[in-house]
Amino acid sequence: MKEKKRIIALFVAPSVIFLLIISVYPMLFSFYASFVSWYRFRPSNLSFVGLRNFIEVVTDSYFPVIVSNTLYFVFSTVALQFMIGLGLAVLVNRIRRMRTLVITLLFVPFTVPPIATGYLWRSLYEPKWGMVNVFLGLAGLPTPNWLGDPSTAMLALILAHTWAWVPFTTLILSAALQGVPVSALEAARLEGASDRQVFWHIKLPWLKHAIFMTIIFTSIWAFKVFDLVLVTTLGGPGISTRVMSYQIYRVGLMNLHISLGAALSQILLVMIMGWAIFYVRSIIKQKRPGERI
Amino acid sequence: MRSRRKVRSMDIVVVVLVALAIFFALMPIITAVLLSFRPEVERSQVPTWIRDATVVSWKKILPISQTVPPIMPTLHYTLNSLVVALASTVIALILGVPAAYIFARIPFRGSNTLLTWILSLLLIPPIIVILPFFLIVGRLGMLDTLRGLIMVHTTISLPLIIWLMMLFFREIPVEYEEASMLDGAGRIRIFLRIVLPMAIHGVVTVTIIAYVFSWSDLLFSLILTNFRARTLPMGATEFVQMKHGIDWGRMYAYMVYMIAPVLALVFILHKYFLKGLLMFAGRTEVS
């Protein structure tokens with residue numbers, strides 16, 4: 001028993017201590033800052049103001065737009081990534097030759113830094129010579145000013161973000177699909193199940209856990225989106241693409257309304273936690289093969 | 001029974017759709033490579049690019065051509081990015097992998113609470129903690145230093161590594177460990193000699209993910225560095241954003257330059273990487 005405790009301490013303590021020191025303070029700071037009045041770097045004379053920062057932030061006329069932008073962005077990108085990712089995973093698993101190469105090529109966008117995604121898509125969306133409009137023009141379709149028009153800017157960002165993160169979903173789901181037990185498939189075939197039945201009744205239930213994981217992760221990344229907005233639209237035109245994380249940057253870091261930025265941060269955190277905490281719970285409750293030792 | 005012809009036509013549909021997906025995945029990058037050799041991107045018609053290809057954009061961004069010793073910005077940023085990404089990844093691996101092993105194998109009092117807390121750190125958007133990080137790093141006198149950036153990047157990648165490696169260790173059968181325990185081997189020895197070699201695919205996978213995240217980070221570099229510790233993504237803003245707008249040729253060259261090393265890493269290690277991801281996705285054996 002003594003040895004076991006020593007090992008636990010030796011293996012776990014360094015990480016925990018490191019994370020405690022470096023990550024608890026920022027969270028406490030952000031929490032504290034949201035309840036005092038703090039403008040610019042003047043930490044003296046910080047008086048407790050209760051919920052005033054929250055009220056000021058929430059009653060701002062931009063706030064509902066920003067929240068709905070954020071939710072719209074998250075739900076659209078997550079839905080698109082799920083549908084495209086699952087479709088591609090199914091397709092990839094039907095390929096027999098060069099599957100590894102195909103998966104690796106499909107994975108490429110994941111390795112592109114968000115700032116590069118932003119700049120590359122900004123060039124693709126250029127109204128006069130960008131590839132998107134060149135192709136649309138060849139097909140005889142309308143060629144909008146994607147990032148410059150409030151009605152298309154959000155859609156343009158959603159597509160760029162989806163491009164960057166679909167590989168994650170594809171990869172995880174195709175990996176999980178490969179793990180479907182062959183015996184179950186054979187049994188179903190012997191019973192005369194059609195391809196469609198096999199997909200809906202065997203493969204999809206088997207994928208449940210992987211799907212859950214990809215949806216949670218893609219939504220967290222969508223909530224966090226920042227670099228992409230910074231190098232493409234800066235939240236514009238108007239406030240049509242301004243999302244929570246970019247608003248926090250503007251309010252807290254550019255205008256140095258630190259308390260207001262912190263209050264916005266708390267709201268974003270509650271949005272994310274409310275969405276994801278049940279996933280964290282379910283991961284921990286899963287059975288552990290190693291519990292015997 | 002389906003006819004053979006029907007199967008064939010299905011296969012063709014699959015191949016066409018996959019080829020289309022690959023085209024969409026690579027198109028922005030291929031465009032960038034091609035257009036980085038164009039003079040004045042805006043005025044050019046796409047199909048004529050071969051005739052007047054030029055390396056003028058590349059000359060401006062490549063370290064070799066920036067010859068004045070004190071200011072070779074690209075080389076400076078590249079080295080900074082490399083050091084920060086390597087150091088933060090290695091530190092996070094050393095701290096995180098053993099912890100993940102314990103979380104996967106040996107439950108102890110409070111381990112679930114600790115784990116919940118560590119996983120919830122993954123959910124925090126960096127934008128929320130950037131200002132307190134700025135204050136901490138400033139208090140420690142590490143603003144605009146590589147040490148400061150390494151510390152912050154480690155904080156970001158450590159929870160991810162713990163979480164992914166924990167999932168991975170759970171998929172490894174315990175029998176080998178039990179057998180060596182019966183042989184009287186100590187736990188540290190078992191971990192180093194038996195568990196780690198079996199987990200090598202997972203380690204490679206999380207290494208790539210942590211490295212990519214550090215290499216890509218713009219936000220922390222934006223707030224915590226000035227010039228001395230500036231990394232590649234931050235450097236992009238000064239090469240790309242000119243007074244009159246974006247210099248597209250340089251932008252393409254710079255982005256290709258920034259993406260290339262990571263792509264090379266993924267292609268070199270892709271076999272490990274794909275196997276590692278198979279296990280993360282809940283497959284029970286490594287084939």
Side-chain angles (χ1 to χ4, degrees), chain A residues 7-8 11-12 14-16 18-19 22-23 25-26 29-30 88 91 94-95 100 102-106 108-109 111-116 119-120 123-124 129 131 134 171-172 175-176 179 209-210 220 223-224 226-227 245 248-249 252 265 268-269 272-273 276 280 284 288-293, chain B residues 14 17-18 21-22 25-26 28 31-32 42 46 95-96 98-99 101-102 104-108 112 114-116 118-121 123 125 127-129 131-133 136 155 158 162 170 174 177-178 187 212 216 218-219 233 236 240 248 251 255 258-259 262-263 266 270 274 277-278 281-283:
Chain A
I7 295 291
I8 291 174
F11 277 26
V12 175
S15 291
V16 171
F18 182 85
L19 287 174
I22 304 194
S23 70
Y25 171 75
F29 172 92
S30 179
L88 282 178
L91 286 176
R94 296 186 73 134
I95 289 186
T100 320
V102 167
I103 294 179
T104 314
L105 288 176
L106 286 176
V108 164
T111 62
V112 174
I115 181 178
Y119 276 121
L120 292 183
S123 78
L124 293 174
W129 52 271
M131 280 295 159
V134 168
L171 206 63
I172 298 288
H209 181 70
I220 294 169
F223 271 119
K224 288 180 182 176
F226 174 77
D227 307 24
S245 57
I248 293 170
Y249 171 76
S265 301
L268 177 59
L269 205 56
I272 298 179
M273 291 288 177
V280 174
I284 285 165
R288 303 176 171 205
E291 254 161 26
R292 278 178 287 158
I293 357 180
Chain B
V14 168
L17 286 176
V18 168
I22 293 176
L26 301 184
T31 314
E42 301 91 320
V46 183
L95 290 174
Y101 174 66
I102 297 291
R105 284 286 195 263
I106 314 172
F108 55 93
N112 276 354
L114 265 183
L115 199 55
T116 312
I118 291 173
L119 295 192
S120 67
L121 292 178
L123 311 178
I127 189 80
I128 293 180
V129 290
L131 188 67
F133 273 162
I136 297 179
T155 318
L158 184 54
I162 293 180
R170 278 186 185 175
V174 287
E177 290 153 68
E178 286 174 334
R187 254 193 202 278
V212 168
S216 311
L218 172 72
L219 186 56
V240 172
W248 294 104
M251 185 281 278
M255 293 307 151
M258 196 162 82
I259 296 168
V262 183
L263 268 191
V266 169
H270 76 276
L274 293 179
L277 279 161
L278 281 185
R283 205 184 177 195

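Within every chain, numbering begins at 1; the chains are lettered A, B, ... in the order of the sequence lines, protein sequences first and strands thereafter. Since the model is a prediction, treat every value here as computed from it, not as a measurement.
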| When you measure from the side chain of A:T104 to the backbone N and O of B:H270, does any donor-acceptor pair fall under 3.5 Å? | no
| task | With sequence neighbours excluded, tell me which residues meet side chain to side chain donor-acceptor pair (under 3.5 Å) with B:S216. | result | none
| request: Find out whether B:P125 and A:L269 are in side-chain contact, i.e. whether some heavy atom of one side chain is under 4.5 Å from a heavy atom of the other. | output: yes
| task | Determine the option with the most heavy-atom pairs under 4.5 angstrom with chain A, choosing from B:V266, B:V212, B:T155. | result | B:T155
| query | Of all of B:V129, B:L114, B:I22, B:V262, which one pairs up most often with chain A through heavy atoms under 4.5 Å apart? | reply | B:I22
| A:S265 vs B:I127 side-chain heavy atoms within contact, under 4.5 Å | no
| query | Which pair of non-hydrogen atoms, one from B:L123 and one from A:K224, has the smallest distance, and what is that distance? | reply | O-CE, 3.9 Å
| note | Bottom line for A:F29: the part with an atom under 4.5 Å from chain B's heavy atoms is side chain
| query | Can you find a heavy atom in the side chain of B:I162 that is under 4.5 Å from one in the side chain of A:V12? | reply | no
| task | Could you check which of B:A25, B:P233, B:A21 has the highest count of heavy-atom pairs closer than 4.5 Å to chain A? | result | B:A25
| note | Under 4.5 Å to a heavy atom of chain B? For A:L19 that would be both
| request: Taking the side chain as every heavy atom from C-beta outward, state whether B:F133 and A:P26 have any pair of such atoms under 4.5 Å apart. | output: yes
| Would you call the rings of B:Y101 and A:F11 parallel, tilted or perpendicular, where under 30° means parallel and over 60° means perpendicular? | tilted
